[in-house]
Protein chains: 2
Amino acid sequence: MDENAGPATASGGRRPGEVPLLLATVFRDMSDHLHTRLAELGREPLRPAHGYAFRYLADHPHATTVGLAAHLGVTKQSASKTVGELADWGYLRRRPHPTDRRAQILRLTDRGQEYVRLADTLWAEAEQQWADLIGADRLTAVHDALRAYVDHLPDGRRTGLRPVW
Amino acid sequence: MDENAGPATASGGRRPGEVPLLLATVFRDMSDHLHTRLAELGREPLRPAHGYAFRYLADHPHATTVGLAAHLGVTKQSASKTVGELADWGYLRRRPHPTDRRAQILRLTDRGQEYVRLADTLWAEAEQQWADLIGADRLTAVHDALRAYVDHLPDGRRTGLRPVW
DNA sequence: CATCATAGTCAACCAGGTTGACCTTCTCCA
DNA sequence: TGGAGAAGGTCAACCTGGTTGACTATGATG
């Protein structure tokens, strides 16, 4: 059952195909951590999809709804709905596009940016718990391994953060 | 932006809180790989939730619907629906519980077990692509780090594979 | 034996996606 | 230059896969 044991195997070998499930489990737990903390802090129950939208908007100050949709891997209608909610809640404003009167520039408000910083902090918290467990060096090694996978993806597959299944 | 650089940092440092998103991205891509391959093989479009149910049923030959629900982290009604589908499709049979006439034992059929083997193969494929990229040793290190996180979870949080958000 | 807990189902509802139709504006080439 | 088609965005109808709530039947326990 373990034709793949590497020299660094500390936990008795790795069943082929086991890693994806572990990835999901760990991510799921970290995600739960985030939402638990948000609830503790009395924050609005933003869904993780919103979180990924936030991140994209924070990184792309000239984002449009269609661009966001592509990033999230959902239809533009769905992205439009999300944008509408975030706007209603005061996290972003739609501003006219300077040259294209069909389009709107999506800009985070101060409140929106503050939320992004909070989310980053909470994700970092979850990550730190892992670092406490295995050490910062090993976590960095994991990070680099993940990074290598992601960097190797063709552009089209690098985003896609719609519901994981 | 990089107050956390570890000695082993090969790729220019790790932004705190970046790892969870990377986990999700990698898992998502591997999951896409699985479903693409299933489609290529002309398989029924089973949803990943079904996959996790399969895995549980394969590992627990005396499973019940309620137990499955707990494992998946969904309500028993939802699990019951999933079980009904899998039964309709011939992947499992409900057999009477030997001592509790309320309960049913869920047993994979041969067809169900064959599906589990196929899924394992496809997950292993996705995993192997990662190994090809970073080397088996590094992948094993990642595996062990993930394993450490999961093993450290209290039992109640170790399962939970409902939609990741 | 009465009471409460548990396995499972049915039905109604909800959230967050989807597809399809549509309007407006932009692009581009005949 | 104007007309066709592409692209940004919204509205509406629908689907899926969860949810809660009510219920039946059986098991466990005082």
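Letters A, B, ... are given to chains in the order of the sequence lines, protein chains preceding strands, and every chain is numbered from 1.
Considering only side-chain N and O atoms, A:S80 lies nowhere under 4.0 angstrom from the phosphate OP1 or OP2 of D:dG9. The phosphate of D:dT19 (OP1 or OP2) has a side-chain N or O of B:T75 nearer than 4.0 angstrom.
Spacing between atom CD of B:Q104 and atom P of D:dA25 amounts to 15 Å, rounded to whole angstrom units. If you take CD1 of A:I105 and P of D:dG8, they are 12 Å apart, rounded to a whole angstrom. With rounding to whole Å, A:L106 atom CG is found 11 Å from D:dG9 atom C1'. A:K81 places its NZ atom 15 Å from the P atom of C:dC14, with the value rounded to the nearest Å. To the nearest angstrom, P of C:dT18 lies 10 Å from CG of A:L72.
The side chain of A:R94 lies closest to D:dT10 when the candidates are D:dT10, D:dT19, D:dG9.
For A:A148 against B:L133, the heavy-atom pair with the smallest separation is O-CD2, 3.3 Å. Taking each heavy atom of A:A63 and A:L57 in turn, the nearest pair found is CB-CD2, 3.7 Å.
For B:D88, the CG atom sits in a packed shell: over 12 heavy atoms of surrounding residues, nucleotides or ligands are nearer than 6.0 Å.
Here OH of B:Y115 is found 4.0 Å from CG of B:L38. Values are rounded to the nearest 0.5 Å.
Proximity of residues 61-69 of chain B to DNA chain D (heavy atom under 4.0 angstrom from any strand atom) is not detected for any residue.
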> In B/S/- notation, 5' to 3', how is nucleotides 21-29 of chain C contacted by protein heavy atoms closer than 4.0 Å?
Replying inline: ---BBS---

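A salt bridge links A:E40 and A:R37; the closest N-O separation between the charged side-chain nitrogens and carboxylate oxygens is under 4.0 Å. One finds no salt bridge joining B:D144 and A:R14 here, because no Lys/Arg side-chain nitrogen approaches an Asp/Glu carboxylate oxygen to under 4.0 Å.
Here A:H97 pairs with nothing under the ring pair (Phe, Tyr, Trp, His ring centres under 6.0 Å) rule; sequence neighbours left out.
Checking side-chain atoms of A:T109 against main-chain N and O of A:G90 turns up a donor-acceptor pair under 3.5 Å. Judged purely by atom type and a 3.5 angstrom limit, A:W130 has no side-chain atom pairing as donor or acceptor with the backbone of A:G135.
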